[in-house]
Structures are given as C-alpha cells and as structure tokens.
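Take a look at the structure set out below.
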Amino acid sequence: MTDMTDPVTIPHPWNPTPAQARAWQTQLATRLRLQPLDPNWSTLAVADVSSDRGSPRLFATVLLLKRKSDGSFERLAEGYAEVRATFPYIAGLLSFREVPAILRAFDDLEARHGRSIRPDVILCDGQGLAHPRGLGLACHLGLWLDRPSVGVAKTRLVGQFEPVGPSPGDQSPLIHQGRPVGAVIRTRARAGPLFVSPGHLCDLDSATSLVWACCDGRRQPLPIRWAHEAVNRWRRAARINEPDASCPT
DNA sequence: GCGACAG
DNA sequence: ATCTTGTCGC
C-alpha cells in the first residue's frame with residue numbers, strides 16, 4: 001500500500017510526450033481531494049506566466065498576498081523566474097508547459113521571503129477540475145505543492161453551460177460528462193464571464209466564493225490582475241535588456 | 001474527415 | 001500567450 005498522503009505518488013518528468021502527459025494526468029487526477037476550503041483563509045499565492053510570441057523564454061511570477069479583515073489585499077512577497085520552455089502549448093496539457101516555471105518562481109519567493117511558503121490557497125490563471133481528464137493546471141500545481149488551489153480561466157476548455165445572467169455575481173454551472181466541474185461567473189457587466197473550477201484540497205462552492213471574494217468590479221480578480229501586471233512588467237524590461245533577465249527589486 | 005481547443 | 005490604435009460606450 002502506498003502512502004496516500006504523498007503530494008505526488010510518483011515523481012514525473014515535465015517534458016514527456018503528449019501521450020505520456022495525458023497518462024500522467026489521468027493517474028494524478030485520482031489523487032485529488034475535493035473538500036471545503038477553510039472559509040477563514042488569509043494568505044493567498046497567485047501565479048502567472050507570460051512570454052513573447054514564438055519565444056521559448058517563459059517568465060513566471062508568484063505573489064504572496066494577505067487578505068485583510070476589510071477585504072483588501074496586502075502584498076507580502078513576490079518571486080520571479082525565467083525558464084526555457086521544455087513543452088509546447090497544447091490545449092489540455094498547459095500545466096506541463098507552465099508549472100515548471102511557476103515552481104521556480106515559488107523557489108525564488110521562498111528564497112526572498114526567508115522561509116517556506118504555505119499559502120492557504122493558490123490562485124491560478126487556467127482551469128482546475130474543468131479539464132478533459134479532470135487535471136487542469138490548478139489541480140496539477142496544487143497536488144505538486146500539496147496546497148489548496150483554485151483555477152480561474154477567461155475561456156472554456158470543456159463543459160456545457162446555460163447562458164449566464166447579465167449582472168455581476170450571476171453564474172451558471174459548468175457541466176462536463178454529466179458532472180458539475182466548475183462555474184461560469186459574470187464578474188462585470190458587459191464583460192465575458194470567467195470559468196472557475198476547484199484545483200486540489202478545494203470544492204466547487206469554495207472555489208466560486210473565493211474568486212468572487214477576490215473580485216472588485218473588474219472582470220479579473222484583483223490578485224490575478226496584480227500577478228499579470230507584475231509578470232508583464234518584468235518581461236518587457238527583460239526584452240529591452242535582451243539576453244539575461246534582471247529580476248525586479 | 002470535421003470541429004474544438006485553458007495560456 | 002502575444003502582435004497592436006483607435007474607437008465606441010458608460
């Protein structure tokens with residue numbers, strides 16, 4: 001009998017063939033734990049990755065934030081990493097391309113912060129459970145780090161849903177293979193809805209309420225916007241100084 | 001063969 | 001993801 005508490009039962013490579021990657025996803029999905037998130041979560045880590053068209057240079061950023069009692073966020077620390085992509089972008093296999101870069105950004109974050117990071121939840125730009133094999137980027141990262149995680153994507157990958165209402169807060173269940181795997185949420189009037197799904201150590205209700213709690217009238221949750229701004233600011237600076245990338249302050 | 005297809 | 005200016009609308 002294997003130890004059911006291992007984050008990842010068998011370490012796997014990040015540069016497998018597409019067929020091997022799909023097999024790992026099916027295997028890893030069996031390790032997911034769908035459970036309520038601590039409603040009193042306060043520390044949140046948010047990750048984002050960006051790159052120039054056709055360039056194999058991936059820039060990853062992870063921000064560590066603290067949710068204050070008044071609902072605002074405080075920036076505690078940040079980490080950065082530039083990685084050479086070892087896997088192409090293939091719909092359904094995004095985590096094999098971006099997670100390695102995100103893991104290095106986490107390492108940088110810990111190095112700067114001076115101690116191990118144990119965020120109450122990790123917010124990811126991409127799908128969680130709403131995936132062909134139930135293992136979107138949020139699930140994969142959460143499993144690897146053994147931390148609760150939530151996925152929020154701008155467009156659909158899988159699943160069917162009824163039209164979402166026009167008002168902020170309106171939502172519609174995302175159904176895949178007869179199972180509710182996520183929620184389509186209107187976060188801003190006249191803007192496209194977001195696709196939220198749980199990652200690891202989290203359930204659908206927890207995922208949707210957390211994302212909604214991170215929204216402030218804009219289409220994207222504030223943490224996602226901050227991470228996106230941070231990683232793009234760094235990438236643009238690195239593009240000017242060409243070769244090496246000097247991390248932000 | 002055709003359509004779909006996170007970032 | 002990124003390439004890109006202006007433009008329409010609240």
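As the structure is a computational prediction, the values presented were derived from the model and not from experiment. Just so we're on the same page: letters track the sequence lines, and every chain starts at 1.
Protein atom CZ of Arg57(A) is 14 Å distant from nucleotide atom P of dT2(C), rounded to whole Å. Rounded to an integer number of Å, the gap from CD of Gln127(A) to P of dA1(C) is 13 Å. Taking atom CD of Glu229(A) as the reference point, atom P of dT2(C) lies 13 Å away to the nearest angstrom.
Residues Arg67(A) and Leu65(A) form no side-chain contact, since every pair of their non-hydrogen atoms from C-beta on lies 4.5 Å or further apart. Using a 4.5 Å heavy-atom threshold, the side chains of Val150(A) and Val211(A) count as touching. A 4.5 Å side-chain heavy-atom check between Val49(A) and Phe59(A) finds every atom pair outside the cut-off. The shortest side-chain heavy-atom distance between Leu129(A) and Leu204(A) does not fall under the 4.5 Å cut-off. At least one side-chain heavy atom of His200(A) sits less than 4.5 Å from a side-chain heavy atom of Arg33(A).
Among the protein residues, Arg235(A) comes within range of the sugar-phosphate backbone only, with heavy atoms under 4.0 Å from sugar or phosphate atoms but none that close to a base. Contacts of Leu93(A) with the nucleic acid, taken as non-hydrogen atoms under 4.0 Å apart, include base atoms.
Between His140(A) and His131(A), the gap from one ring centroid to the other reaches at least 6.0 Å.
Between the CZ atom in Phe87(A) and the CG atom in Leu94(A) there is a gap of 10.0 Å [rounded to 0.5 Å]. Rounded to the nearest 0.5 angstrom, Arg84(A) CZ and Ser55(A) OG are separated by 6.5 Å.
At most 12 heavy atoms of other shown residues, nucleotides or ligands fall within 6.0 angstrom of atom CZ in Arg179(A). Counting non-hydrogen atoms of other residues, nucleotides and ligands closer than 6.0 Å to CD of Gln160(A) gives a total of 12 or fewer.
No option in Val121(A), Ile122(A), Leu37(A) other than Ile122(A) meets the side-chain contact (heavy atoms from CB on, under 4.5 Å) test with Ser149(A).
Taking 4.0 angstrom as the limit, Arg239(A) places a side-chain polar atom (N or O) nearer than this to OP1 or OP2 of dC3(C). In this model, the phosphate group of dA1(C) is not approached by any side-chain N or O of Asn232(A) to a distance below 4.0 Å at OP1 or OP2.
Between the side chains of Thr26(A) and Arg133(A), no donor N or O sits under 3.5 Å from an acceptor N or O.
Mapping heavy-atom proximity under 4.0 Å, the span of DNA chain B touched by chain A runs 5' to 3' from dA4(B) to dG7(B).
Paired regions of DNA chain B, requiring three or more successive Watson-Crick or G-U pairs whose two hydrogen-bonding distances fall under 3.5 Å, are not present.
Using a cutoff of 4.0 Å between basic side-chain nitrogens and carboxylate oxygens, Asp120(A) and Arg147(A) are not scored as salt-bridged. Ion pair Asp108(A)/Arg112(A) flagged as a salt bridge, since at least one NZ, NE, NH1 or NH2 atom sits closer than 4.0 Å to an Asp/Glu carboxylate oxygen. With respect to the salt-bridge test (charged N to carboxylate O, under 4.0 angstrom), the residues Arg57(A) and Asp52(A) do not qualify.
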**Request:** Mark up nucleotides 4-10 of chain C, 5' to 3', with B wherever a protein heavy atom is under 4.0 angstrom from a base atom, S wherever such an atom reaches only the sugar-phosphate, and - elsewhere.
**Result:** -------
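Screening residues 216-226 of chain A for side chain to side chain donor-acceptor pair (under 3.5 Å) gives Asp216(A)-Arg225(A) as the qualifying pairs, with residues at least two apart or on separate chains.
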**Prompt:** Could you spell out the base pairing of DNA chain C in dot-bracket, with Watson-Crick or G-U pairs whose two distances are under 3.5 Å, [ ] crossing and | to another strand?
**Reply:** ..........
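For residues 151-170 of chain A, proximity to DNA chain B is found at Ala153(A), Lys154(A), Thr155(A), Arg156(A), Leu157(A), defined as any non-hydrogen atom under 4.0 angstrom from a strand atom.
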